Amino acid sequence: MREFFQRRGKFRPRDVDQDGADIQIPEDLWVKCPRCQELVYSKELDHNARVCPKCGYHFRLRARDRIASLVDLDSFVEWDAELRPYDQLEFVDLAGPYAAKLKQTQAKSGEHEALISGWGTVEGRPIALAVCDFEFLGASMGSVFGEKLVRASERCVAGRLPLLTISASGGARMHEGLLSLMQMAKTVAALARLGRARVPHLALLTDPCYGGVTASYATIADIILAEPGAMIGFAGPRVIEQITKQKLPDGFQTAEFQLEHGMVDLIVPRFELRATIGQLIDLYERPSQQDSPNGVSAGDHREPAPVELGGHYGN
Amino acid sequence: MREFFQRRGKFRPRDVDQDGADIQIPEDLWVKCPRCQELVYSKELDHNARVCPKCGYHFRLRARDRIASLVDLDSFVEWDAELRPYDQLEFVDLAGPYAAKLKQTQAKSGEHEALISGWGTVEGRPIALAVCDFEFLGASMGSVFGEKLVRASERCVAGRLPLLTISASGGARMHEGLLSLMQMAKTVAALARLGRARVPHLALLTDPCYGGVTASYATIADIILAEPGAMIGFAGPRVIEQITKQKLPDGFQTAEFQLEHGMVDLIVPRFELRATIGQLIDLYERPSQQDSPNGVSAGDHREPAPVELGGHYGN
Amino acid sequence: MNLVATMATDLLEAKPVVNPITAWERVKLARHPDRPRTLDFIHELMTGFIELHGDRVHGDDRALIGGLARFGGRTVMVLGHQKGGDTKENLERNFGMARPEGYRKAARLLRHAEKFNLPVLTLIDTPGAEPGVGSEERGQATAIAESLLAMADLAVPTVAIVIGEGGSGGALAVGVADRILMLENAVYAVASPEACAAILWRDAARAPEAAATMRITAADLHGFGIVDEVVLEQVPAHERPRAAILAAGAALRAHLDGLIEEFPGDDDETRERLRDARFQKFRRIGAWREAAWRDSGLPLDGHAAG
Amino acid sequence: MNLVATMATDLLEAKPVVNPITAWERVKLARHPDRPRTLDFIHELMTGFIELHGDRVHGDDRALIGGLARFGGRTVMVLGHQKGGDTKENLERNFGMARPEGYRKAARLLRHAEKFNLPVLTLIDTPGAEPGVGSEERGQATAIAESLLAMADLAVPTVAIVIGEGGSGGALAVGVADRILMLENAVYAVASPEACAAILWRDAARAPEAAATMRITAADLHGFGIVDEVVLEQVPAHERPRAAILAAGAALRAHLDGLIEEFPGDDDETRERLRDARFQKFRRIGAWREAAWRDSGLPLDGHAAG
Ligand SMILES: [Zn+2]
Ligand SMILES: [Zn+2]
């Protein structure tokens, strides 16, 4: 099997504060699959798109790994990487000031914020991406997250570029108080404009996807995709159990549960995602092109192109 | 108590085929209330808007009685009374040809079709009405029903006149085959135009309201009112019981059930209907009139005007 | 002539386009278990189909499906009732009887089509909307009405085709189209012949008689001006499904091309003109007369001015 | 200056508009059982209120109500969370915690308001959207998102006022307004101080500390540029409810008049201008900096250019 993508450590962002090396996972590490409990060789997992080869469990992906796994080689151009979170509230909790926590998190994650945005091509078709990095404070929705998403959306309106949002988030960022909550309104208002411009917004919900993200931009998309087994909801399962003292039903809040309850359009296994996105862009981008003389479209049943990944960041 | 309206026999349409006298209810008849099983003196029932004085049960109203109970004295002008149903299918069932059945029904009901339309004023405010007469073949939705409703709606667009539909129906008229079914599309398409013209459509659902009527124009209204206790649904309870072999829940398909399930805006007792309709027209008709100097609207809390009824048809 | 009379359609001139087999025989053909179903048409006629799921409020109805696909060089939104091929699939598909979730999904996908200016194709094949406690609780009537409204209001070209059973409001909910086609052995009725017979003959077994008088065949409905084109089946579709599918595809293509030629672009004026034409199409459907007033001394009934 | 830096709002200039009582004391005032609630405001300030019910898909939420009324010589659509006055009513009102039905009703009534060009007033008073199995099954997140979208897209003037507790996404769902007002002792927060304390201090009892650092008071939020006007309470609203209601009414009236003066009529151009102004309002909210690239040799962090 081809390598699905290179190890995460190699997609080091260009402007990290600290060298990414200290958070690289050694290639010979064994990882325990949280679903089937089997041990999987880390390198094998990477070669398999971080999908458990034993049971199909989809491990979480870092934002840059996700982007690398989707876009054509060397095609991704990042936007607004210079935006930095800022502790306007002078928020201090048990762990100390938010400002210090930010520095720590930036160093540990190698990212400045929880959302990476930019554009690239998928099977040759341009698309904008806005991708959550759950390793950055649970991809909570702070001011920079909101601002980056809004700027991406504005570029999409201007350039008539379809937008793919890929979400995984614990919800709001409490350290930014109501400014964080307001990012729900801000991003929805921006995407409302994208909608009025009739530019498609595709959303991919990945594990875990909760709170402010699910209750704002992610679920008003034109097409809602989800990864198999992803946990998706408004309130987290522990909160619900604590408050209602109810045992939660089996499979509660999984992507499959959301499909059954009418909340998502389709569940796409990671291996098929690139092809599905390509096919969707294609459907929107050439709505009435004559593509064959005999009345049946040709070339719509593309074979998923070989997945070429990650190389442009380093290897 | 004032007479709520005159006996139905007196609202004889101007152009009946046969004299209405033979279907007048004698004034001294006793009527058994289907809910509380008490005997009510017929005249007392009429004086009480045909609401059971013992238990509040709302007896069904004929279309012209309903109109008389709502509009200002002498204000109603009927539309399209000259439209006649026509047996295009040459439909024949166990009881004989549809054409013959129509004649019989017209004679017995004193109406030419199941929908009476026109306009009048309610507390001085002009409004169009389209009212089902359940006594006419269960107010099934035939071609004339549809055509009259469409013409009424077109007049409302032209004159920016709010439309009140009052429905009670068993559903489609099988004797008119697919022409009957298509009246659902035809009326909805007409009301879609009314909607695009931003003219309000108020709907009152009364007992019983099923099938094609509930599944078309009646439930796409801007405001949906229902009479207390009215049975409202898509499929009838007997059909559902037969097919599903399930016992139906208590109160299934009542107006109160529909309110609880989010399908109607409010339940209006018959005595309050005139005032509620007046208030609603008022809210739409003068959306931003300065009606008091101190910033709080005056005159919105009108006392329900004394109900003056029916006289213009005869008494 | 003293009589004011109008007729929306002219029955007298309608001629059967096919051999006279009985209406009841057609009902049996329309319901034949081997008759091609919606997904067979989609897979044969279209490419790149991506099924979209869910009503965003309660569930996903497997009896009424829809999604994006390429057809005739265009991206279209395709919707249709889906019956099952065997008992297991029929249970999953609820025998093609949609629930409120199905109609709400339909309305959602119709709005999606309008947003992206995609033409809509619908395939009709259902015994009717599901009658049931749950469906009533979740507003079956309201859901159907809203799907009708979404179709009536749609500003993109729409073509519907009845491929099997066109059963009542549950069928019409996705049938308010600019063009309505029917396969020759499909039927389209206000109620099932069995239900009609049970009510009007007090005996469901008299369904064949009911079927005949209800005028439910493609030829009848073409005669009434409801159906724009009858797609012939050289042999019944269950015997040669691919031939029927391709014939349907050619007809769908021709009507869609015609509509797009007549209503090109997505500017406000074209959209309004399209909606208006659709309204006028349905506006004409029905049979009625206009009588003079009784007090003018004229007879109440007259002959149709065909 | 080498540093590229922006700040959306200027905290440094924000001054408390009232006596410095603690944030936690305000939380207690905001939740006081005798504090006037949405229906008290409606009945005192408006006439001819007709409550409209139902989401047309599943139910009617008594925790989030709405309807038509006359206010300031205009017909308005008014929406608000409704807490109960006693235990019985609180159970009926679910303590003001709306379910998906409530947010879907809100979206429906917002579209209604737009259709008839009626301005919208919303009153915010909720601990938050209900967390529960049923709410999740029926798409609580989706319902909130669609209410946000409906408000963002609305082409009529909207004024929101936080009258008590503004709790998280469940509050914001009806808060995407052209003007946002707050009563002086109301609070508005991304999470309850108890929840925040439980997570960040691992001890819900430290809610008072959390409340202080979360900056949830009207004065704070006015300082951040989120709240347009703080409506003073001469004494806490539960002591003299009518005075607070009338003060709120006057402020609502002034902002609504101002909006209608700025955006008169319902032509396409005005509607687009109104939507655009609303977008720009929310577009500005947030705190961030723009740093130069590391490889340009500049420091990553800098001072705010206030
Ligand atoms: Zn595994
Ligand atoms: Zn009684």
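The sequence lines fix the lettering, A, B, ..., with proteins before strands; numbering per chain opens at 1. Small disclaimer: the values here were computed from a predicted structure and weren't measured.
Residue-environment remark: CZ (C/Arg242) stays at or below the threshold of 12 foreign heavy atoms within 6.0 Å. Around atom CG of C/Asp86, more than 12 heavy atoms belonging to other residues, nucleotides or ligands sit under 6.0 Å away. By the neighbour-count criterion of 12 heavy atoms within 6.0 Å, atom CG of C/Asp268 is sparsely surrounded, having that number or fewer from other residues, nucleotides or ligands. Residue-environment remark: CD (C/Glu261) stays at or below the threshold of 12 foreign heavy atoms within 6.0 Å. Counting heavy atoms of neighbouring residues, nucleotides and ligands inside a 6.0 Å radius, atom CZ of C/Arg271 exceeds 12 of them.
Going from atom CD1 of C/Ile50 over to atom CG of A/Leu280 covers 3.5 Å, rounded to the nearest 0.5 Å. The line from NE2 of A/His261 to NE2 of C/His53 is 15.5 Å long, rounded to the nearest 0.5 Å. Rounding to the nearest 0.5 angstrom, the gap separating the CG atom in C/Asp60 from the CE atom in A/Met263 is 11.0 Å. Distance CG/C/Leu68 to OH/A/Tyr284: 4.5 Å, rounded to 0.5 Å.
Contact check for A/Leu283 versus C/Arg70: side-chain heavy atoms found under the 4.5 Å cut-off. A heavy-atom distance below 4.5 Å is found between the side chains of C/Arg108 and A/Asp265.
Within residues 183-209 of chain A, the residues approaching chain C closer than 4.5 Å by heavy atoms are, in numerical order, A/Gly195, A/Arg198, A/Val199, A/Pro200. Residues of residues 217-237 of chain A placed with any heavy atom under 4.5 Å of a heavy atom in chain C are listed by number as A/Asp222, A/Ile223, A/Ile224.
Partners of C/Gln82 by side-chain hydrogen bond (donor to acceptor under 3.5 Å, both in side chains), not counting sequence neighbours: none found. Every residue meeting the ring pair (Phe, Tyr, Trp, His ring centres under 6.0 Å) condition with C/His238, not counting sequence neighbours, appears here in chain and number order: C/His32.
Interface remark: C/His58 contributes backbone atoms only to the contact with chain A (heavy atom separation under 4.5 Å). With a 4.5 angstrom heavy-atom cutoff, C/Ala250 does not touch chain A via any of its atoms.
Remark: side-chain polar atoms of A/Gln279 are paired, donor with acceptor, to backbone N or O of C/Gly48 under 3.5 angstrom.
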